Amino acid sequence: MTRFTVSVKIVPRHGLLDPQGKAVTDALHTLGFASVRDVHVGRLLVIELEAADTAAAQAKVREMCERLLANPVTEDFVIAEIAKA
Amino acid sequence: MKVGVVTFPGSNCDEDALLAIREHVHLEAVPLWHKDHDLQGVDVVILPGGFSYGDYLRAGAIARFAPIMQEIAAHAKRGGPVIGICNGFQIACEAGLLPGGLLRNDHLQFRSMPVTLRVESTATVFTREASAGALLTMPIAHGDGRYSADAATLDRLEGEGQVVFRYVDATGHPTSAANPNGSLRNIAGVSNASGTVVGLMPHPERALDPLLGSTDGLVLFRSLLALTKA
Amino acid sequence: MTAQRTPPSASHGVRPRPGDPTITPALVAEHGLTMDEYGRLERMLERTPTFTELGIISALWSEHCSYKHSRPVLKTLPTQAPWVLQGPGENAGVISIGDGLAIAFKIESHNHPSAVEPYQGAATGVGGILRDVFTMGARPIAMLNSLRFGSLETPRVRYLVAGVVKGIGDYGNCVGIPTVAGDVMFDPAYEGNPLVNAMCVGLLREEELIRAKAEGVGNSIIAVGARTGRDGIHGASFASEDLSEENEAKRPRVQVGDPFTEKLLLEASLELIRSGHIVAIQDMGAAGLTSSSAEMAERGDVGVTIDTTKVPVRETGMTPYEILLSESQERMLVVATRGHEAEVQAILAKWDLVAEVIGEVIAEPVYRVTEGDRIVAEFPGTRLVTDCPQYHPEARESEEAIARRTRDVAAIAPKGEEADPAWTLERLLQSPTIASKHWIHRQYDSTVRTGTVSGPGAGDAAVIRIRGTTKAIAVKTDCNGRYVYLDPRVGGRIAVAEAARNVACTGATPRAITNCLNFGNPKKPEVFFQFREAVYGMGDACRALETPVTGGNVSLYNENPQGAVYPTPTIGMVGVLDDAAHATRMTFTTPGDAIVLLGENTDELGGSEYLSWVHGVVAGAPPHCDLDRERALIGTILEAIRAGQVRSAHDCSEGGLAVAIAESCMGDRARPTGARLDLTAWGALPLRALLFGEAQGRIVVSTAHAEAVLAIAQRHGVPARVIGQVTAADQGLTIAAAQGRCTSTIDRLATAYHEAIPRAMARAAAETVTETAGGTR
């Protein structure tokens, strides 16, 4: 078994109102960052786990997301990075 | 009839719910512990408000895995009545007992205030004593109460009469000013297809005593009494 | 698990710990001790202290823990009454309310942490005061907050307001304690050093009262709750320093709150207290394990020994110094009856919390800390608490305060716009100090626990019913720091009198107070003068109104580069209603009702919100405070309410009579009324003093039975007069006086009053890019 660090990004499901993202977008505009088109605010989870290989680590984390970490009704998740610890 | 109120770690309206049932509905009420698998023979389950497990991951996300939730899911599947109030509504959605989900209020703030609800469906075990279109006043107190589901689901809920309560203004209109959290279509509460599981963000258990300003929550619990008669 | 039964004997001696810094004058200074104080420590120990000992003393002899500048003055306050079950010196004060029930309550400051990190600073302030109350065996039933900020016109203040309010809300809402009342004021004097005072009120059965007193040689000392990390080390001495720009760099000292763990700790602690397995319990608050263990030993007059290697920690490599001084939140120290440790642990385990035996109560009169076998700190007897230095600083009133007080404010010419008094009234209603605080209150759960009869903004004080009885309590915080600045003795009296009046306006008999004394650096003679005189003034009022002091907190060094904040002795008042159904609100209800003014109008403009907000002037003598008249006024309003003759009652405070009337008309925006007033009886007074002066001892009452109210007032020797009539809202507000007329629509007044703060804070939303910590709540 190898130790992996897996980063998961969880963001509001595409198309749903994202008030935090909108607030940040507005604030950036106020500060003069006129080129900002959109901002999404989500969560980043960094999971340390043991797995046989990268594929197994990815599969395990995907299952975690589906069962607990993300709500399929309201959130999308992306496994952003898998690294050997 | 016996009513069970679940205590999750972080529940904070469990005591209010127990007292509501005992003092204002005059039914037997028992606490149910999240770590147990024993429903103690209750006929009705209340998932109370609070911040189960701190709601640090996502409101209700962790509570749905509590041991007692397996029994509650089975109870609901058998047609047993379940009502989720506030955090209990969030848990019921996370557990798949109810459609949709509750997101952060659109204005990003916690909101504590009285709201007016319109009864949209009397075809549930918790609203059968109410009149369709009746206006009820009761408090809300939540940060994650924006009801969301995809358009198809919302259409289905509307079509099947599963929208139970809507936020409305004093004249009964579901205006955006009357919507305290940005819920889609001003939805404050929904039910499952059979009307046995109901969830709502407002707190009927806080609207039972004239001393506290409203008794409009009584109708939800009185509707239960009809079960005994039936 | 076994308790440590054979503590190392004193003969082993205290040895410096390898790797600890050597004691130098610079290190002593860094610990906030003077060389005199250090000499005192050396004499007590009869040797050079270890680094650990220096840290312990630095915390215990900080102002926050030791009251070294304030104690002699505080001792002049009255603390006794037949209903006082516990006065100052415990985690919280306790009063009996009859039926075998008691109320535990206390107020505490978290000013400096909130200035640096408003969200966490305010949140942990709420957490700390909750623990102070539930460690008395009381279930918290209400929270209040007294907040002071600089001008809401500055982005920094808006950031602080948003963060503090969210911090208070997120913590209290999660634990499930209703936040029901408080007071919020804005003044440039608080720029850079906001005041965040949190008050908690709890209910207990008298027989369940438990004190934080270590007892019983051989009993185990148990650390309970969250694990210990490096948070907030030296927070207690941090709270005793002036705020400066350097403090921005001290951010890591600020602790992070976990309200979820607090909720579990609350339930576990109450279960523990009822189980009979413990003899004492105390919050590990400021100065953490050090202060909690030393204070429990001192109260019990016993020795204690603690092994820091037994303390559950969150980080590796923590030294005894760090473990002793950590201010990690949501931790308690418990003394368990010997042999009952496993039962204690079982109760904690039920709530998913840890409990570890870390020490023992011993007969030997010594406070000893070991790291395994090594003794790292040892103090004789309880002298580390009792031998604390005490100071009697010089007191001298500042020339500036005298000059301001004696200024002739009547000579200040009215502005042109003031020709229409309605302009002035609307302007005052927009002052954030006067304006509706609904923007704040709606972020607090005020209805959880189903006891809130009258919540925030509804009455002059909040009313909470007591289940199982017909009773209710009324609670309120108050203090006008501007009055105290201009005349500390009078200001101190008014703070207590106003709190009592507010509580009485709901129908409750004022019973007792807790106080939070927010002042500047006591080593400055003008600050110590303010402190001493304000406390004397509070004492005058507490004696006259029979509301003894049951405890509180002193927060000194509230300064910024511009100087000290207004001296702000915040009063937290608790009153009792025998019948909750008497609970009275501030707003008019019924057109046709008579409006009665209890008390007398005067020609006093000094220290008013009118002068400050409209003219930018802080000057004049604050209004006179006649305590005998206040007492008679309270007697009048209570009798009238209990006789069922009062429909609404609202005291006159900031903004004076006109603001009180306007608030009574449209304070409840959903149910407004109008009013028609005739003030021609006071033709001798300048119009602005009559409308906006802040004469004390006045209450606006609406009633269907004016004659009955007047008769009651006459019996109590209180001046009273019918001054008008409640009308329908569309009739507007009309005030006729001999000197002029004030008319406005209710809608205009309501807009001014209800939208001032939301409009200001809408700008904050655009300014705040990052969300404060705390996840999705």
Side-chain angles (χ1 to χ4, degrees), chain B residues 7-17 19-20 23-24 33-35 48-59 61 86-87 90 102-105 107-114 116 137-144 170 180 202-203 205-214 217, chain C residues 139 162 165-166 168-179 258-264 266-268 350-353 438-456 458 463-465 467-468 470 472 580-581 583 670 761-762 765 768 771 774-777:
Chain B
T7 300
F8 297 100
S11 294
N12 62 30
C13 304
D14 44 342
E15 200 187 326
D16 293 347
L19 289 169
E23 293 182 5
H24 297 284
W33 186 241
H34 68 108
K35 288 178 188 170
F51 288 79
S52 52
Y53 301 87
D55 281 350
Y56 287 136
L57 175 66
R58 195 175 59 245
C86 197
N87 192 227
Q90 295 161 341
L102 284 312
L103 295 176
R104 188 130 195 229
N105 294 350
H107 45 72
L108 303 177
Q109 284 183 356
F110 193 92
R111 195 55 90 236
S112 165
M113 58 189 271
T116 306
T137 299
M138 57 186 78
I140 56 162
H142 60 249
D144 297 88
H203 286 277
E205 84 283 14
R206 299 186 192 181
L208 301 177
D209 192 327
L211 194 60
L212 306 186
S214 169
Chain C
R139 178 169 285 278
V165 169
K166 188 170 166 55
I168 289 169
D170 280 359
Y171 206 101
N173 297 346
C174 181
V175 180
I177 313 302
T179 300
D258 176 1
F260 169 59
T261 297
E262 179 95 345
K263 167 68 174 163
L264 303 182
L266 159 63
E267 298 302 334
K350 173 183 164 190
W351 294 98
D352 303 322
L353 294 168
H438 184 61
W439 184 92
I440 295 172
H441 299 148
R442 69 187 183 185
Q443 298 186 57
Y444 303 151
D445 187 343
S446 56
T447 51
V448 64
R449 297 198 53 73
T450 55
T452 309
V453 176
S454 194
V463 178
I464 310 292
R465 69 157 158 195
R467 263 184 200 283
T470 59
M761 293 309 295
T768 312
E771 276 290 314
T776 58
R777 275 170 295 118

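Predicted model, so just to flag it, every value in this text is computed and none were measured. Just so it is clear: chains get the letters A, B, ... in the order the sequence lines come, proteins before strands, and each one is counted from 1.
For Lys350(C) against Trp33(B), the heavy-atom pair with the smallest separation is O-CZ2, 3.5 Å. Between Thr452(C) and Leu212(B) the shortest heavy-atom distance is O-CD2, 3.4 Å. Across all non-hydrogen atoms, the minimal contact from Thr450(C) to Glu205(B) is CG2-O, 3.5 Å. For Pro9(B) against Leu264(C), the heavy-atom pair with the smallest separation is CB-CD2, 3.7 Å. When every heavy atom of Ser112(B) is checked against every heavy atom of Ser446(C), the shortest pair comes out as OG-N, 3.4 Å.
A heavy-atom distance below 4.5 Å is not found between the side chains of His203(B) and Thr447(C). Contact annotation: the side chain of Arg206(B) approaches that of Val448(C) to within less than 4.5 Å [non-hydrogen atoms, C-beta and beyond]. Considering only heavy atoms from C-beta on, Glu15(B) comes within 4.5 Å of Arg449(C) through its side chain.
Between Phe260(C) and Tyr56(B), the ring planes lie perpendicular to each other; the angle is over 60°, past the 30° to 60° tilted range.
For chain C, the nearby part of Leu19(B) is the side chain; its heavy atoms alone come within less than 4.5 Å. For chain B, no part of Val165(C) is nearby; none of its heavy atoms comes within less than 4.5 Å. Using a 4.5 Å cut-off between heavy atoms, Asp209(B) contacts chain C through its side chain alone, with no backbone atom that close.
To the nearest 0.5 Å, the span separating CD1 on Ile168(C) from CZ on Phe110(B) amounts to 14.0 Å. Atom CG of residue Asp445(C) and atom SG of residue Cys13(B) lie 7.0 Å apart, to the nearest 0.5 angstrom.
In terms of non-hydrogen atom pairs under 4.5 Å with chain B, the most contact-rich of Arg467(C), Glu267(C), His438(C) is Arg467(C). Between chain C and the options Met113(B), Lys35(B), Glu23(B), His107(B), the largest number of non-hydrogen pairs under 4.5 Å is found for Lys35(B).
A donor-acceptor contact shorter than 3.5 Å links the side chain of Asn12(B) to the backbone of Asn173(C).
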